[in-house]
**Student:** 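I have a structure I would like to understand better, so I am pasting it below and will then ask my questions one at a time.
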2 protein chains.
Amino acid sequence: MLTITDVSRRSGVASSALRFYEERGLIVSERAGSGHRRYPRSVLRRIAFIVFAQRIGLTLEEIGVELAKLPADRVPSRRDWSRLSGEWAKRIDERIAELQRLRSGLTECIGCGCLSIDRCSLANPADVAGRKGPGPRYWLG
Amino acid sequence: MLTITDVSRRSGVASSALRFYEERGLIVSERAGSGHRRYPRSVLRRIAFIVFAQRIGLTLEEIGVELAKLPADRVPSRRDWSRLSGEWAKRIDERIAELQRLRSGLTECIGCGCLSIDRCSLANPADVAGRKGPGPRYWLG
DNA sequence: CTACAAGTTCAAGTTAACTTGAAGTCAAGC
DNA sequence: GCTTGACTTCAAGTTAACTTGAACTTGTAG
């Protein structure tokens, strides 16, 4: 069993973040008699999954939903993990496609001087500026 | 000259956001006798540039720095606009490369079950979890 | 036994990019 | 002249994902 500092060091995720993930139900811990957290090794894989999913652009809430799909009664298998990743590939591909569109826009559209709200489909904010509710806009959605 | 509602409608950016951009020095407005904002048409292009840059992943602060490079004494030319985009292409390419790495990780790494903090370079949070200071982490940096 | 590092909880702070609300001014139509 | 809608400023709220600080307890090395 690992202490919170062990897990933090091995995962690169701060202890405060680990407590936060636990509060959010993304990971769990047992407790030593003292009340200190003790983690099984398997938590490292779970954390790796969380960090990985974050890089892809999922929110912690979405990640929580995905993780909840893992079987609670047994150690997750390869198959369990990989099933979760189905939707993600699509998401990555979409974002890559958008970035590639933006990249051409950079040379073709700004470069040619046509960056115009009226005529340029790439720059037209009406296409992209749709609000996603209050608060900051996220580029990854 | 356009009113703030005109500009909002034509750009897809909310009036409140336009006032916010002005407060941050990203755009400027003249005032009618009444105190109401009046914008020249050229502001639309500037806003298009801001929205475009946001999609690429620049912060408003970075965008402000870029916009400050435009000549104040004359209407910016094609060349002026395109000069700004130099650094950006690199940034887009880097993010695309990362997403492509993540995408292979999705099938190769999670798929094969090797998603391990110890051995998997793709999932190793120590490589990617470096903090960027307090507050939320941004995946786009 | 005494430091002192490491752990705990809980509340409050941080950041970006805005939005929302309050309280008041201005302009246009009837 | 009155209502209605667009506009103004300024302060405070929102969201995600954490971090920081206070106040306190536990574990360990000497």
Side-chain angles (χ1 to χ4, degrees), chain A residues 1-9 11-27 29-39 47 50-65 67 125 128-141, chain B residues 1-9 11-27 29-39 47 50-65 67 125 128-141:
Chain A
M1 301 295 272
L2 306 164
T3 68
I4 196 167
T5 313
D6 290 337
V7 173
S8 173
R9 203 167 22 232
S11 69
V13 174
S15 312
S16 59
L18 294 174
R19 291 195 196 93
F20 179 73
Y21 290 163
E22 184 170 334
E23 202 181 325
R24 288 303 204 75
L26 297 177
I27 56 177
S29 63
E30 293 164 34
R31 296 302 175 111
S34 60
H36 291 185
R37 286 173 177 80
R38 285 301 125 86
Y39 298 95
I47 294 168
I50 294 170
V51 173
F52 189 98
Q54 280 188 316
R55 292 297 299 172
I56 287 170
L58 287 107
T59 64
L60 287 187
E61 195 173 334
E62 292 172 309
I63 295 169
V65 171
L67 283 174
V128 297
R131 296 216 316 287
K132 305 183 60 187
R137 292 182 200 168
Y138 294 103
W139 334 124
L140 291 174
Chain B
M1 301 296 272
L2 307 164
T3 68
I4 195 165
T5 313
D6 291 337
V7 173
S8 172
R9 203 166 21 233
S11 68
V13 174
S15 313
S16 59
L18 294 174
R19 292 195 196 93
F20 178 73
Y21 290 163
E22 184 171 334
E23 203 181 323
R24 288 302 204 77
L26 298 176
I27 57 177
S29 65
E30 292 163 34
R31 297 300 177 113
S34 59
H36 291 186
R37 286 174 177 80
R38 286 300 125 87
Y39 297 94
I47 294 167
I50 293 169
V51 173
F52 189 98
Q54 280 188 316
R55 292 297 300 172
I56 288 171
L58 287 107
T59 64
L60 288 186
E61 193 173 335
E62 292 172 308
I63 295 170
V65 171
L67 283 173
V128 298
R131 297 217 314 286
K132 306 184 61 188
R137 294 180 197 169
Y138 294 103
W139 335 122
L140 291 175

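Proteins get letters first, then strands, A, B, ... in listed order; numbering begins at 1 in each. Just so you know, these numbers come straight off a predicted model, no measurement behind them. Only heavy atoms go into these numbers, but all of them, side chains included; no hydrogens, no water, no symmetry mates.
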**Student:** Among dG27(D), dA17(C), dA27(C), which is the nearest nucleotide to the side chain of H36(B)?
**Tutor:** dA27(C)
**Student:** For L58(B) and dA16(C), give me the distance from atom CG to atom C1', rounded to whole Å.
**Tutor:** 14 Å
**Student:** Under the rule for side chain to side chain donor-acceptor pair (under 3.5 Å), what residues qualify as partners of E61(B), not counting sequence neighbours?
**Tutor:** none
**Student:** Can you measure M1(A) atom CE to dG7(C) atom P for me and round it to whole angstrom units?
**Tutor:** 15 Å
**Student:** Using the test side chain to side chain contact (heavy atoms under 4.5 Å, CB included), find all partners of S8(B) that sit at least two apart in sequence or belong to another chain.
**Tutor:** S15(B), L18(B)
**Student:** Measure the spacing between OG of S29(A) and CG of L2(A) and express it to the nearest 0.5 Å.
**Tutor:** 12.0 Å
**Student:** Given the rule in the side chain to side chain contact (heavy atoms under 4.5 Å, CB included) test, do L58(B) and Q54(B) qualify, once you have shown the distances and angles that lead to the verdict?
**Tutor:** CA-CA 5 Å; L58(B) 287 107; Q54(B) 280 188 316; over 6 Å; no
**Student:** Which is true for S16(B) with a 4.0 Å heavy-atom rule: it touches a base, it touches only sugar-phosphate, or it touches nothing?
**Tutor:** base
**Student:** Roughly how far, to the nearest 0.5 Å, is CD1 of I63(B) from CD1 of I56(B)?
**Tutor:** 9.0 Å
**Student:** Roughly, in whole Å, what's the span from CD1 in I4(B) to P in dT25(C)?
**Tutor:** 19 Å
**Student:** Report the distance from atom CG of L60(A) to atom P of dA16(D), rounded to the nearest whole Å.
**Tutor:** 10 Å
**Student:** Please tabulate the protein-to-nucleotide N/O contacts below 3.5 Å involving nucleotides 9-11 of chain D, giving atom names and distances.
**Tutor:**
residue : atom : partner : partner atom : Å
dT9(D)  : OP1  : R31(B)  : NH1          : 3.2
dT9(D)  : OP1  : R31(B)  : NH2          : 3.1
dT9(D)  : OP2  : R37(B)  : NH1          : 2.9
dT9(D)  : OP2  : R37(B)  : NH2          : 2.9

**Student:** Mapping S34(A) and S15(A) to their closest nucleotides on DNA chain D, which lands nearer the 5' end?
**Tutor:** S15(A)
**Student:** List in chain and number order the residues that pass side chain to side chain contact (heavy atoms under 4.5 Å, CB included) with R38(B), two or more places apart in sequence or in another chain; answer none if no residue qualifies.
**Tutor:** M1(B), T3(B), A32(B), H36(B)
**Student:** So, is T59(B) close to the dA16(C) phosphate, meaning a side-chain N or O under 4.0 Å from OP1 or OP2?
**Tutor:** no
**Student:** Write down the distance between CD1 (I63(A)) and P (dA16(D)), rounded to a whole number of angstrom.
**Tutor:** 13 Å
**Student:** For dA17(D) and Y21(A) - does any side-chain N or O of the residue sit under 4.0 Å from the phosphate oxygens OP1/OP2?
**Tutor:** no
**Student:** Which nucleotide in the set dG7(C), dC18(C), dC18(D) lies at the smallest distance from any side-chain heavy atom of F20(B)?
**Tutor:** dC18(C)
**Student:** Could you tell me whether the side chain of L60(B) reaches within less than 4.5 Å of the side chain of I50(B), counting heavy atoms only?
**Tutor:** yes
**Student:** Report the distance from atom CZ of R38(A) to atom P of dT26(D), rounded to the nearest whole Å.
**Tutor:** 13 Å
**Student:** Quick one: is T3(A) getting a side-chain N or O under 4.0 Å of the dG7(C) phosphate, OP1 or OP2?
**Tutor:** yes
**Student:** How close or far is atom C1' of dT15(D) from atom CD of E61(A), stated in whole angstroms?
**Tutor:** 11 Å
**Student:** Expressed as a whole number of angstroms, how long is the span from R24(B):CZ to dA17(C):P?
**Tutor:** 6 Å
